[in-house]
Amino acid sequence: MIRKLISRVFQKKSPKKGEPRIFKLKSHGITANQLTPCALKTVKTLQQAGFKAFVVGGAVRDLLLRRKPKDFDVATDADPDEVRHLFRRSRIIGRRFRIVHVMCGPETIEVSTFRTVAVSTNNDSDDRQTDQESGRILRDNVFGSQVEDAMRRDFTINALYYDPVSQEIWDYHNGVADLKAGVMRIIGDPAQRYREDPVRMLRAVRFAAKLGLKLDPAAIRPIRELAELLEDVPAARLFDEMLKLLFSGHAAKSILLLRKKGLHHGLLPTLDVIMEQPMGERFVMLALAKTDQRIGEGKPVSPAYLFAALLWHEVLAAWRQYQTEGEKPVPALHLAMDVVLAAQSEKLAIPHRYDAVMKEIWTMQPRFLQRAGQRPFRLLEHPRFRAAFDFLMMRCESGEVDAEVGRWWEDFQDAGEHERGQMLIKDEAPAAKKRRRRKPKSEGLGVRGEE
Ligand code: ATP
Ligand code: MG
């Protein structure tokens with residue numbers, strides 16, 4: 001209560017319009033050597049050439065949270081050509097926003113010129129355009145002042161500028177106080193900012209989950225109503241955002257947060273797919289938790305593996321359906337995979353380059369139930385065995401497949417050649433015969449009935 005009051009007083013006592021609060025080293029404790037040499041060099045070179053230059057956005061926020069920044073972005077009043085000329089290893093990228101990539105060794109620093117943004121639906125000059133009906137920004141590549149640059153950013157905690165030379169943080173929107181209070185607040189009117197760029201709704205949830213911050217109620221309120229605006233966002237951009245959410249290291253938490261707030265519905269087709277399969281929910285949450293765990297441990301993760309998991313229960317349902325209609329298990333599985341992938345590529349824009357690996361993981365699943373003769377040995381040699389086996393273990397853990405199958409494969413891998421020979425389940429008929437003997441519904445699936 002008292003903290004709230006203090007913070008409210010603090011909020012009101014903002015500096016004159018357009019002037020930032022400036023925090024000195026002793027109040028924030030961030031030193032220049034916490035930047036990478038490349039980030040430091042980029043800022044210094046720009047400043048020595050007479051330009052303003054700051055580290056901005058996520059890196060400042062993460063350093064204040066005592067987290068390791070993912071990468072460093074620099075904001076400057078130099079235009080892209082001026083930046084380009086200062087750094088030998090640099091290139092201008094982007095058509096909509098021209099930004100400069102400055103490279104040192106393996107590192108790339110993204111340098112963007114201070115920009116301004118369209119401020120209202122009716123502001124339709126040559127330089128600033130919004131879509132009249134939705135309020136969406138069509139162009140925001142207009143250079144502006146630092147104040148304007150701070151204004152166009154999404155959250156107060158993302159509008160912090162750190163100057164490693166003076167070791168000051170420039171805070172235009174009370175981001176430091178919000179960070180201390182653990183709140184994520186939108187700069188400006190949330191509904192308007194979401195209309196300008198609907199992807200901000202997803203960013204809000206992603207950052208809240210990843211950083212363990214509370215989303216300001218004002219930022220949550222308009223989402224339900226405006227979620228449908230995401231439909232107009234190009235699929236490729238949504239897919240990029242979805243990747244960031246799924247591979248943030250906090251995917252499970254992000255998805256739960258979306259659900260808790262009732263935001264999942266219609267927010268993103270992928271999430272609908274995940275949430276609308278009650279039977280597969282356990283499996284999907286398990287896959288997300290495992291992905292989070294791997295990222296936390298610094299291990300590599302494969303998008304194809306995660307997509308294969310997200311879509312598995314759809315494939316399973318279609319597979320069953322085709323078999324009920326009289327297809328044999330193997331062709332039925334291929335039909336199911338094709339139909340699910342075709343639907344997803346339209347809806348979710350999962351690039352086709354992942355299809356082959358997803359299919360391999362899926363088609364190997366029934367083969368885990370064939371444990372006689374040479375089959376298990378051949379499966380073990382498959383280059384994708386590890387991924388398919390991990391996938392099988394998740395199916396066991398979620399209760400879809402008998403845990404005994406997973407244990408058998410674990411033992412089989414550990415066993416010596418002789419032991420392996422003894423482990424074979426001799427009376428298990430080869431797949432072709434078995435298929436003929438079994439009833440259509442459970443043919444070759446070895447899957448437990450899901451109620
Ligand atoms: P991350 O750790 O995920 O990289 P980040 O805050 O650095 O977090 P980026 O997507 O790299 O996020 O964007 C850099 C900065 O650009 C943000 O901090 C924010 O200030 C601004 N920004 C990015 N996307 C938007 C957007 N859609 N609307 C407004 N500002 C944005
Ligand atoms: Mg970033």
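Below, all heavy atoms of this structure are taken into account, side chains as well, without hydrogens, waters or symmetry copies. Start at 1 with the first residue, then count along the sequence. Start at 1 and go down the list; that is how both ligands and their atoms are numbered.
Evaluated for a side-chain contact (heavy atoms from CB on, under 4.5 Å) with Asn33, the options Thr36, Thr31, Leu35 yield exactly one hit, Thr31. Exactly one residue among Phe368, Trp312, Phe385 makes a ring-ring contact (aromatic ring centres under 6.0 Å, His included) with Phe391. That residue is Trp312.
Few gaps surround CD on Glu297; more than 12 heavy atoms of other groups in view lie less than 6.0 Å from it. When the shell of 6.0 Å around CZ of Arg67 is examined, it contains more than 12 heavy atoms from other residues, nucleotides or ligands. Crowding of His85 atom NE2: a count of heavy atoms from other residues, nucleotides or ligands under 6.0 Å not exceeding 12. Around the CZ atom of Arg89, the shell of radius 6.0 Å holds more than 12 heavy atoms that belong to other residues, nucleotides or ligands.
In this structure, of Leu211, Asp240, Ile157, Asp154, the residue bringing a heavy atom nearest to atom 30 (N) of ligand 1 is Asp154. Nearest-heavy-atom check against atom 13 (O) of ligand 1 across Arg203, Arg153, Arg115, Arg152 picks out Arg203.
Ring centroids of Trp409 and Phe389 are separated by 6.0 Å or more, keeping the two rings apart. A distance of 6.0 Å or more separates the ring centres of Tyr172 and Phe54.
Against a heavy-atom cut-off of under 4.0 Å, Lys244 is close to the following atoms of ligand 1: 10 (O). Atom numbering of ligand 1 starts at 1 in the shown order; those under 4.0 Å from a heavy atom of Asp73 are 7 (O), 11 (O), 14 (C). Ligand-side atoms of ligand 1 in range of Arg237: 27 (N), range being under 4.0 angstrom from any heavy atom. Near Arg206, meaning under 4.0 Å from any of its heavy atoms, are these atoms of ligand 1: 3 (O). Atoms of ligand 1 found under 4.0 Å from any heavy atom of Lys70 (numbered from 1 in listed order, with element): 1 (P), 2 (O), 3 (O), 4 (O). Numbered from 1 in the order shown, with element, the atoms of ligand 1 that lie under 4.0 Å from a heavy atom of Gly57 read 18 (O). Under a 4.0 Å criterion applied to the non-hydrogen atoms of Arg200, ligand 1 contributes the atoms 26 (C), 27 (N), 28 (N), 29 (C). Those atoms of ligand 1 with a heavy atom of Gly58 less than 4.0 angstrom away are 5 (P), 6 (O), 7 (O), 18 (O).
Residue Asp197 has at least one N or O atom closer than 3.5 Å to an N or O atom of ligand 1.
Under a 4.0 angstrom heavy-atom cut-off, Phe207 registers as being in contact with ligand 1. The closest approach between Lys210 and ligand 1 falls below 4.0 Å for a heavy atom of the residue.
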Next item on the list: Determine, step by step, whether Arg237 and Asp197 satisfy the salt bridge (Lys or Arg N to Asp or Glu O under 4.0 Å) criterion, reporting the C-alpha distance in whole Å, the side-chain angles of both residues, the deciding distance to 0.1 Å, and the verdict.
Entry: CA-CA 11 Å; Arg237 185 161 179 233; Asp197 179 6; 3.0 Å; yes

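When heavy-atom distances to ligand 1 are checked against a 4.0 Å cut-off, Glu241 has no atom that comes that close, whether in backbone or side chain.
Summary of contacts: the protein heavy atom closest to atom 6 (O) of ligand 1 is Arg61 NH1, 2.8 Å.
Between Glu196 and Arg152 there is no salt bridge, since no side-chain N of the basic residue sits under 4.0 Å from a carboxylate O of the acidic one.
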